[in-house]
Structure formats: C-alpha cells, structure tokens
Amino acid sequence: MANAESGSEVTVMVNGMPGPMAIAAAEACLRKGLKLSPVAMTRPEIDPCILTISDAVSGKSSNVQLIPSTETDELEAAIAGAREGAGGEKNLLAIDYTHPSAVNANALFYIGNQTPFVMGTTGGDREKLMADVTAAKHFAVIAPNMGKQIVAMQAALEDLASTYPSAFAGYSLQVTESHQKTKVDTSGTAKAVIDSLKTLSDDGFSYDDINMIRGDQEAVEFGVPEEGLHGHAFHTYTLTSSDGSVQFQLQHNVVGRTSYAEGTADAVKFLSKKLQTEQEGRVYSMINVLEAGALDGFLD
Ligand SMILES: NC(=O)C1=CN([C@@H]2O[C@H](COP(=O)(O)OP(=O)(O)OC[C@H]3O[C@@H](n4cnc5c(N)ncnc54)[C@H](OP(=O)(O)O)[C@@H]3O)[C@@H](O)[C@H]2O)C=CC1
Ligand SMILES: O=C(O)C1=N[C@H](C(=O)O)C[C@H](O)C1
C-alpha cells in the first residue's frame, strides 16, 4: 500500500512473532499490500534470529529480524532505521500481538518512539492503557477482537444496550468461553461483550463469573473440533429470566486466526489514513474502523 501523500510504502513492524497471532497478522499484511519492517520485537531472553514470513495466498514473503524486548537501545535504533527506510514517521506503524504482561510497557514504548500502533494483545491494565495513549494524543487502534463479524456484533450490542437499557432486567447471565490451552488471560472479547450485556440486565455479573475452558478434553465437549484445539475462540452468553421460562443465547465460534489477522491489516490501513488526515492522535476502536467501511476481510 503506497502512502498517497509521500508515495512511500506503508511499513508494519509486527511484534510478538513467532507467536501464532503475530505471524497470521504479518501474513495478512503481505496479502493486503503492506510491507513488513525488516526488524520486530520478540519476547525477552531469546537469541536474536531471522524469520521468513510467507503468505501462501499472495505468494509474497519477507525476512524479519527478531530483537528481544529487553534490548531497548537496539530496538530504538531498529525503529529509527525502519522509519527512515519507510520514508518517514507516518509510514511506519506497529502491530502488537505479544503477551498480556507486555501490553502496558509496549504501549509506552510505541508512544516514546513516535510509532502509531494497532494493539490486538488482550489483558494488562486496560484503563492505564487507554489513559496513557489518550494523554499522549497518540494514534492507535486498540481492540480485543479484530474479526469483522464479531466487531459488527459488538457494535449492534452497544446500540441495543444504549437504545434499550435494562431490556433484560431480572435476567441472569452465564458466560462460557473456550480457547486454546496456551491462552493465559480471560477473553478480552468476552469482557467487552459482558460490558454491553450488563447494561441490558441488572445481574451483578462480574468477569470472575466467566466460565473459562482451557483444556482440550473440555473444549471438545464444548463443541470445538479437533483441528481447532491449537487456535479457537468459542463463546456462549446465556440470559435467563428469573422464573426460568425465557432464555436467550448469543454464540460466536471461531476456529483459527485468519479473521482477526485480516481485520488487523485493515486497521493498519485505517490508521495510516488517519495519520494523513488528522492533526491530533487518539485511540480508535475496531467499531470506528468498521464504521469507516474499512474492514474488507476475504472471509466476507
Ligand atoms: N484482538 C484480536 O482480535 C485478537 C487478540 N488476540 C490476543 O493476542 C495476543 C497474542 O495471541 P497469541 O499469538 O495466540 O499468543 P501466544 O502467547 O501464543 O504468542 C505470543 C507471542 O508473543 C511473545 N512475547 C511474549 N512476551 C513478549 C514481549 N514482551 N514482547 C514481544 N513478544 C512477546 C511470546 O513469546 P513466548 O511464547 O516465547 O513467551 C509469543 O511468541 C493474546 O493477548 C490474545 O488474546 C488473539 C487473537 C485475536
Ligand atoms: O487468545 C485468543 O486466541 C483470542 N483472544 C482474543 C480475546 O481474548 O478475546 C480474541 C479471540 O477470542 C481470540
């Protein structure tokens, strides 16, 4: 994707490789005409190495040198070099698919290094994350889910909650979410959906009440196919009336990571356009990206 103003290519530093979500996002960037930065951040205490990212759909590939997050000086120099290679400050953006424990430090790192970012990583201190980025007037897209259809469902739920608050007063809420056993945190998507559902019902539901499934056997019993055990997100939200006579269920089941990766690359393009048109940075959500008509995943 060429930057309309400068004619340079939009370049993306995808952090969190060789994690599966970061790799999927990097492949989607190649597929959607974005260029990968030749350097990226990986977890601490790992030997620097070079990874080849190949997108099977477009046939494009790119080499990326991974630098541990603890090597701050090296990373800062790498960002400066990548920015120069990309043709300027507005042409280098970051994607973050790292670890919940790294969310807040990484956001401060992007702010300190003038790098607009798309934060897909869940967890961390979300209030601090929003406060830090907002105070810095930094350009960012932050969302716990980048899948187009799930973002659309979240937008609809937010509308429902604001138009008909308390429509489910007296109903109790039950939430079960199943993910691959390597996922360390509670689903950020489930938390966001619950925030909307709580406006509709007056149930004293808290995030601690979420039933989390992380084991393979339990996941299969919950309906996850064998091929999804290494990457899935199955969510069921149930609202039940006080006498048990009425029940509503909302379910979204995703196998794999492609839909999030597609949305992430679209979010980069959206943010890149905002850098050209807006004077002041701010935090955008994926609902903003959807509203701008900027989500065009190939799974439509
Ligand atoms: N917004 C969205 O649409 C989606 C969000 N997610 C979120 O994305 C995040 C990543 O998911 P996933 O790839 O499955 O997770 P994994 O834990 O499997 O992978 C994360 C990767 O990041 C590395 N890492 C750990 N700490 C750091 C650090 N400080 N700096 C850079 N890299 C680091 C890990 O290394 P190592 O394993 O060696 O520690 C690993 O390679 C999770 O928070 C998940 O919830 C996932 C899917 C969709
Ligand atoms: O870790 C995952 O896999 C996912 N994480 C996000 C979340 O925490 O909600 C999005 C999706 O559920 C997949």
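For ligands, and for the atoms within them, numbers begin at 1 and follow the listed sequence.
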**Q** Using a 4.0 Å heavy-atom threshold (strictly under), name the region of S187 that reaches ligand 1: side chain, backbone, both or neither.
**A**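 Neither; nothing of S187 gets under 4.0 Å from ligand 1.
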**Q** Which one holds for T122 and ligand 2: side chain close, backbone close, both close, or neither close, with close meaning a heavy atom under 4.0 Å?
**A**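 Only the side chain of T122 comes within reach of ligand 2.
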**Q** G19 heavy atoms, cut-off 4.0 Å: which ligand 1 atoms fall inside?
**A**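 So the answer, numbered in order with elements, is 13 (O), 19 (O), 21 (C), 40 (C), 41 (O).
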**Q** Regarding ligand 2, does R257 bring an N or O atom to under 3.5 Å of one of the ligand's N or O atoms?
**A**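 No: no nitrogen or oxygen of R257 is under 3.5 Å from one in ligand 2.
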**Q** A side-chain contact here means heavy atoms from C-beta on lying under 4.5 Å apart; do Y171 and V246 qualify?
**A**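 They are in contact (side-chain heavy atoms under 4.5 Å apart), so the answer is yes.
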**Q** Using the rule side-chain hydrogen bond (donor to acceptor under 3.5 Å, both in side chains), only one of T11, T115, N113 pairs with R83; which is it?
**A**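 Considering T11, T115, N113, a side-chain hydrogen bond (donor to acceptor under 3.5 Å, both in side chains) with R83 is found only for T115.
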**Q** Is R214 salt-bridged to E177, cutoff N-O under 4.0 Å?
**A**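 Yes, this pair counts.
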**Q** Check ligand 2 against S187 and write out every atom of the ligand that is under 4.0 Å from a heavy-atom position of the residue.
**A**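 Heavy-atom distances to S187 below 4.0 Å select 7 (C), 8 (O), 9 (O).
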**Q** Inspect the surroundings of CD in E221 and state if more than 12 heavy atoms from other residues, nucleotides or ligands are less than 6.0 Å away.
**A**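 Yes, CD of E221 has more than 12 neighbouring heavy atoms, counting only those of other groups under 6.0 Å.
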**Q** Counting non-hydrogen protein atoms only, what is the nearest one to atom 12 (P) of ligand 1? Give residue, atom name and distance.
**A**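 Checked against all protein heavy atoms, atom 12 (P) of ligand 1 sits closest to M21 CB, 3.8 Å.
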**Q** Can you confirm whether Q249 is buried at CD, in the sense that more than 12 heavy atoms of other residues, nucleotides or ligands lie under 6.0 Å from that atom?
**A**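 Yes, because the 6.0 Å sphere around CD of Q249 holds more than 12 heavy atoms from other groups.
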**Q** Can you sort out which atoms of ligand 1 are near A143, meaning under 4.0 Å from one of its heavy atoms?
**A**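 What qualifies from ligand 1 is 1 (N).
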**Q** Judged by non-hydrogen atoms, does H235 sit under 4.0 Å from ligand 2?
**A**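 Yes.
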**Q** To which of S259, A40, G120 does the heavy atom nearest atom 5 (C) of ligand 1 belong?
**A**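 Minimum heavy-atom distance to atom 5 (C) of ligand 1 goes to G120.
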**Q** If the cut-off is 4.0 Å to any non-hydrogen atom of H99, which atoms of ligand 1 fall inside it?
**A**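 The atoms of ligand 1 under 4.0 Å from a heavy atom of H99 are 25 (C), 26 (N).
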**Q** Considering non-hydrogen atoms of the protein only, which is the closest contact for atom 6 (C) of ligand 2, and what is the distance?
**A**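 Residue, atom and distance for the closest contact: P144 O, 3.5 Å.
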**Q** Looking only at N/O atoms, are T121 and ligand 1 under 3.5 Å apart anywhere?
**A**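 No - when backbone and side-chain N and O of T121 are compared with those of ligand 1, no distance drops under 3.5 Å.
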**Q** Heavy atom of Q180 under 4.0 Å from ligand 2?
**A**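 It does, in that a heavy atom of Q180 comes within the 4.0 Å cut-off of ligand 2.
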**Q** I need the contact type for S69 against ligand 1. Using non-hydrogen atoms and a strict under-4.0 Å cut-off, is it side chain, backbone, both or neither?
**A**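 Near ligand 1, S69 shows its side chain, while the N, CA, C and O stay back.
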**Q** State whether the side chain of K32 and the backbone N or O of A265 hold a donor-acceptor pair below 3.5 Å, judged by distance alone.
**A**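 Such a contact is absent between K32 side chain and A265 backbone.
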**Q** I need the atoms of ligand 1 closer than 4.0 Å to a non-hydrogen atom of T42, numbered in the order shown.
**A**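 Answer, ordered by atom number: 30 (N), 31 (C), 32 (N).
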**Q** Indicate, as side chain, backbone, both or neither, the part of A233 found under 4.0 angstrom from ligand 2 when only non-hydrogen atoms are considered.
**A**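 Looking at A233 and ligand 2, just side chain atoms fall under 4.0 Å.
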**Q** Heavy atoms only, cut-off 4.0 Å: how does P144 contact ligand 1, side chain, backbone, both, or neither?
**A**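 The backbone, only.
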**Q** With only distance considered, is H179 within less than 3.5 Å of ligand 2 through an N or O on each side?
**A**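 In this structure, H179 places an N or O atom under 3.5 Å from an N or O of ligand 2.
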**Q** What atoms of ligand 1 come closer than 4.0 angstrom to any heavy atom of A102?
**A**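 Atoms satisfying the 4.0 Å criterion: 28 (C), 29 (N).
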**Q** Give a yes or no on this: more than 12 heavy atoms of other residues, nucleotides or ligands lie within 6.0 Å of atom NZ of K191.
**A**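 Yes, because the 6.0 Å sphere around NZ of K191 holds more than 12 heavy atoms from other groups.
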**Q** Which pairs count as ring-ring contact (aromatic ring centres under 6.0 Å, His included) when at least one residue sits in residues 118-166, sequence neighbours excluded?
**A**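 Of all non-adjacent pairs touching residues 118-166, those that pass ring-ring contact (aromatic ring centres under 6.0 Å, His included) are F117-H138.
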**Q** Can you tell me if D47 has over 12 outside heavy atoms packed within less than 6.0 Å of its CG?
**A**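 It does not: D47 CG has 12 such atoms or fewer within range.
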**Q** Linking I/L/V/M/F/W/Y whenever their side-chain heavy atoms sit closer than 4.5 Å, directly or via other members, would I213 and V255 fall into one cluster?
**A**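 Yes, I213 connects to V255 through the hydrophobic network.
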**Q** Would you say that V254 contacts I150 through its side chain, given a criterion of any heavy-atom pair below 4.5 Å between the two side chains?
**A**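 The answer is yes; the side chains approach within 4.5 Å.
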**Q** Going by side chain to side chain contact (heavy atoms under 4.5 Å, CB included), N63 matches just one of L36, L51, I53, I50. Which one?
**A**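 Answer after filtering L36, L51, I53, I50: I50.
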**Q** Is there at least one pair of N or O atoms, one from P100 and one from ligand 1, spaced under 3.5 Å apart?
**A**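 No, there is no polar N/O contact under 3.5 Å.
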**Q** When you look at CD of Q174, are more than 12 heavy atoms from neighbouring residues, nucleotides or ligands closer to it than 6.0 Å?
**A**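 Not buried by this count: 12 neighbours or fewer within 6.0 Å.
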**Q** I need the single residue from D55, T258, V57 that forms a side chain to side chain contact (heavy atoms under 4.5 Å, CB included) with E27. Which is it?
**A**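 Among D55, T258, V57, the one that satisfies the side chain to side chain contact (heavy atoms under 4.5 Å, CB included) with E27 is D55.
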**Q** So which protein heavy atom does atom 11 (C) of ligand 2 come closest to, and at what separation?
**A**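 Here the nearest protein heavy atom works out to Y260 OH, 3.6 Å.
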**Q** Got a sec, which residues hit side chain to side chain donor-acceptor pair (under 3.5 Å) with T98, two or more places apart in sequence or on another chain?
**A**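 Partners of T98 under the side chain to side chain donor-acceptor pair (under 3.5 Å) test: D96, N106.
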**Q** Compute the shortest N/O to N/O distance between K183 and ligand 2 and return yes if it is under 3.5 Å, no if not.
**A**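 Yes, there is a polar N/O contact under 3.5 Å.
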**Q** Which of the numbered atoms in ligand 2 are under 4.0 angstrom from any heavy atom belonging to G188?
**A**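 Reading through ligand 2 atom by atom, the close ones are 7 (C), 8 (O), 9 (O).
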**Q** Nearest protein heavy-atom contact for atom 42 (C) of ligand 1: which residue, which atom, what distance?
**A**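 Answer for atom 42 (C) of ligand 1: T122 OG1, 3.8 Å.
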**Q** Are the side chains of N211 and F222 in contact, using a 4.5 Å heavy-atom criterion?
**A**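 No, every pair of side-chain atoms sits at 4.5 Å or beyond.
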**Q** With heavy-atom distances below 4.0 Å as the criterion, list the atoms of ligand 1 near M41.
**A**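 Those qualifying, in numeric order: 30 (N), 31 (C).
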**Q** Enumerate the atoms of ligand 1 whose separation from the nearest heavy atom of R257 is less than 4.0 angstrom.
**A**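 Near R257, meaning under 4.0 Å from one of its heavy atoms, ligand 1 has 14 (O).
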**Q** Measure from the side-chain N and O atoms of E218 to the backbone N and O of D216, and report whether any donor-acceptor pair falls under 3.5 Å.
**A**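 Here the side-chain-to-backbone pair does not exist.
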**Q** Just distances here: any N/O of M17 and N/O of ligand 1 closer than 3.5 Å?
**A**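 No, no N or O pair falls under 3.5 Å.
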**Q** Could you please spell out the steps behind the side chain to side chain donor-acceptor pair (under 3.5 Å) verdict for H235 and T189?
**A** CA-CA 9 Å; H235 294 68; T189 311; 4.8 Å; no
**Q** Would you say K183 contacts ligand 1, with heavy atoms under 4.0 Å as the rule?
**A**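 Yes; K183 lies near enough to ligand 1 that a heavy-atom distance drops under 4.0 Å.
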**Q** Any heavy atom of G123 closer to ligand 1 than 4.0 angstrom?
**A**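 Outside the 4.0 Å threshold, so no.
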**Q** Checking the N or O distance criterion of under 3.5 Å, is ligand 2 in contact with A190?
**A**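 Between A190 and ligand 2 (N or O atoms, distance only) the closest approach is not under 3.5 Å.
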**Q** Short N/O distance, under 3.5 Å, between R43 and ligand 1?
**A**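 Right, the criterion is met.
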